[in-house]
Amino acid sequence: MRNNKNDISVKLLDDATIDMQVLLYQSAFNHICDFEIERKNWMLKHYGNPIRNSFIFGAFIEDKLVGMNA
């Protein structure tokens, strides 16, 4: 079956896609902050939590992250 270019796939995200996560967050909330500072904060909050990492699910159209929920 061929994927339609508008098909949405949902995946569990990890720190391999952190740059996409931070860019989407900044875009969605019009959050103006230095990218590297925001990335460091995101990493600490979601992937450096001493109790456990966040579960972040991302919605993709083709290879572009278009939505997420933590």
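What you are looking at is a predicted structure, and each value in this text was computed from that prediction instead of being measured.
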* **Common cluster, W42/V66, ILVMFWY with side-chain heavy-atom separation under 4.5 Å** => no

* Same hydrophobic cluster for L23 and F29, using side-chain heavy-atom links shorter than 4.5 Å among ILVMFWY? -> yes

* Indicate yes or no: at least one non-hydrogen side-chain atom of F60 is less than 4.5 angstrom from one of I8. => no

* To do: Give the ring-plane orientation class for F57 versus F55, where under 30° counts as parallel, over 60° as perpendicular and anything between as tilted.
  => parallel

* To do: Report yes or no: does E38 contribute a side-chain atom to a donor-acceptor pair with the main-chain N or O of H31 at less than 3.5 Å?
  => no

* To do: Kindly check if the number of other-residue, nucleotide or ligand heavy atoms within 6.0 Å of CG (D63) is above 12?
  => no

* Is Q26 reaching over with its side chain to a backbone N or O of C33, donor-acceptor style, under 3.5 angstrom? -> yes

* Is it possible for you to say whether L24 and M43 belong to one hydrophobic cluster, with membership spreading through side-chain heavy-atom contacts below 4.5 Å? => yes

* **Minimum side-chain heavy-atom gap H46-N53 below 4.5 Å** => no

* Asked: When rounded to the nearest 0.5 angstrom, what is the spacing between OG in S54 and CG in L12?
  -> 10.5 Å

* **Note, F35 side chain near K40 side chain (heavy atom, < 4.5 Å)** => no

* Structure fact -> Separation between NZ (K45) and CD1 (I56), nearest 0.5 Å, reads 9.0 Å

* Asked: Do I61 and M68 belong together in a cluster built from hydrophobic side chains that touch within less than 4.5 Å?
  -> no

* **Exercise: identify the closest heavy-atom pair between T17 and L13** => OG1-CB, 3.7 Å

* To do: Would you indicate whether D34, at its atom CG, is surrounded by more than 12 heavy atoms from other residues, nucleotides or ligands within a distance under 6.0 Å?
  => yes

* Locate the shortest heavy-atom distance separating L65 from G58; write the atom from each residue and the value. => CD1-CA, 3.6 Å

